[in-house]
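Here is the structure we will look at, set down as structure tokens.
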Amino acid sequence: MRSKNGSFDLKVYDVVKTIPRGQVRSYAWVAKRAGSPRAWRAVGNALNKNSHPIIVPCHRVVKSDGALGGFARGPRRKLRLLTSEGLTLEGIRAIITKKGAKENDA
DNA sequence: AGACTGACATACC
DNA sequence: CGGTATGCCAGTC
């Protein structure tokens, strides 16, 4: 399991960890930063099995539509964490729908 | 070793 | 504008 540093999921975790608190990014955004702009599927897969739920704020990763997407621990958990950071569904949507937020880094 | 799955996205109808 | 269909990557079974 990605014991070697440099695996895709490892890179994904690193990118997700880079997301500032109170902010959210889409899977495509992470995938792109991870090195494969077409690997959002793998990104979600990596986070799904994520072995580092603590060092990786997976709850800051949402869909490009502004939807929370899903969460291994339950979507409610994710929403709760986001709201805890002072974010809301509309807030998330505002950031994601923001053209450029996906192309430009925070 | 091979096939399926999955927290998505984009395109088409 | 909405829903449906297909495609994609990497990981996991």
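Residue numbers start from 1 in every chain, and the chains themselves are labelled A, B, ... in the order their sequence lines are given, proteins ahead of strands. Side chains are part of it too, since the values below use all heavy atoms of this structure and drop only hydrogens, waters and symmetry mates.
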Atom pair distance, as rounded to whole Å: CG in A:L68 and P in B:dC8: 11 Å
Without decimals, in angstroms, what is the distance between A:I96 CD1 and B:dC8 C1'? 12 Å
Identify whether A:L79 and A:I96 are in the same connected component of the hydrophobic contact network (ILVMFWY, side-chain heavy atoms under 4.5 Å). yes
Closest non-hydrogen contact found for A:Y27 with A:L68 is OH-O, 4.4 Å
Interatomic distance, A:D65 CG vs C:dT4 P [rounded to whole Å]: 15 Å
Using atom NZ of A:K49 as one end and atom P of B:dC4 as the other, report the distance to the nearest whole Å. 15 Å
Heavy atoms, side chains only, cut-off 4.5 Å: are A:Y13 and A:L47 in contact? yes
Residues in residues 80-90 of chain A with a heavy atom under 4.0 Å of DNA chain C, by number, are none
Filter on salt bridge (Lys or Arg N to Asp or Glu O under 4.0 Å), then keep only pairs touching residues 64-81 of chain A, sequence neighbours left out; what's left? none
Would you kindly give the CH2-to-P distance between A:W29 and B:dC8, to the nearest whole Å? 18 Å
If every non-hydrogen atom of A:F8 is compared with every non-hydrogen atom of A:A31, which pair is closest and at what distance? CZ-O, 4.4 Å
Can you tell me how far P of C:dA10 sits from NZ of A:K11, to the nearest Å? 11 Å
Backbone N/O of A:L10 and side chain of A:S7: donor-acceptor pair under 3.5 Å: no
Without decimals, in angstroms, what is the distance between A:Y27 OH and C:dG11 P? 17 Å
Can you sort out which residues in residues 34-47 of chain A have a heavy atom within less than 4.0 Å of DNA chain C? Ascending by number, please. A:S36, A:R38, A:A39, A:W40, A:R41, A:A42, A:N45
Output the distance between atom OG (A:S84) and atom CZ (A:R21), rounded to the nearest 0.5 Å. 8.0 Å
In the structure I gave you, are the side-chain heavy atoms of A:K63 and A:S26 within less than 4.5 Å of one another anywhere? no
Side-chain touch A:V61/A:R25, heavy atoms, less than 4.5 angstrom: no
Whole-Å distance separating the CZ atom of A:R33 from the C1' atom of B:dC8: 19 Å
